[in-house]
Amino acid sequence: MTYTIEILQGNFLPLPDELCNELGFAVGDILFCVQDKERSKISMTKHSDQTLTDEQISAAGNLTRVVNLESAERE
């Protein structure tokens, strides 16, 4: 399965609810991200440790947390 999604200002990557449901992602999940520079794509899978803090996620450099975009835009 392949989807094309445009990165928004602030480096937000909007994942439509339909896509999240299909992939089994939910708000709060920690994702492991891998960029394939040759094909301009990013692969995301659920990280094995879903208990990491925001500081640990940030320090890893290739992890992100699924957030509600509407809530994130208000902050």
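- Atom CZ of F12 and atom CD1 of I7 lie 12.0 Å apart (nearest 0.5 Å).
- With hydrogens and angles ignored, the 3.5 Å screen pairs a side-chain donor or acceptor of R65 with a backbone N or O of L52.
- In this structure, T64 and F32 have side chains that are not in contact, with every pair of non-hydrogen atoms separated by 4.5 Å or more.
- Clustering ILVMFWY residues whenever any of their side-chain heavy atoms sit less than 4.5 angstrom apart, transitively, puts V34 in the very cluster that holds I57.
- With rounding to the nearest 0.5 Å, the separation of CD1 in I5 from NZ in K41 is 13.5 Å.
- In the displayed structure, Q50 atom CD is contacted under 6.0 Å by more than 12 heavy atoms of other residues, nucleotides or ligands.
- Of the inter-residue distances, the one linking I30 atom CD1 with S48 atom OG reads 9.5 Å to the nearest 0.5 angstrom.
- Taken to the nearest 0.5 Å, the CG atom of L63 stands 12.5 Å off from the CE atom of M44.
- A distance of 10.5 Å separates CG of D36 from CD1 of I42, quoted to the nearest 0.5 Å.
- Taking CG of L31 as the reference point, atom NZ of K46 lies at 8.5 Å (rounded to 0.5 Å).
- The two atoms that bring C20 and L15 nearest to each other are SG-CB, 3.6 Å, heavy atoms only.
- For D17, the CG atom counts as loosely surrounded, since its 6.0 Å shell holds 12 or fewer non-hydrogen atoms of other residues, nucleotides or ligands.
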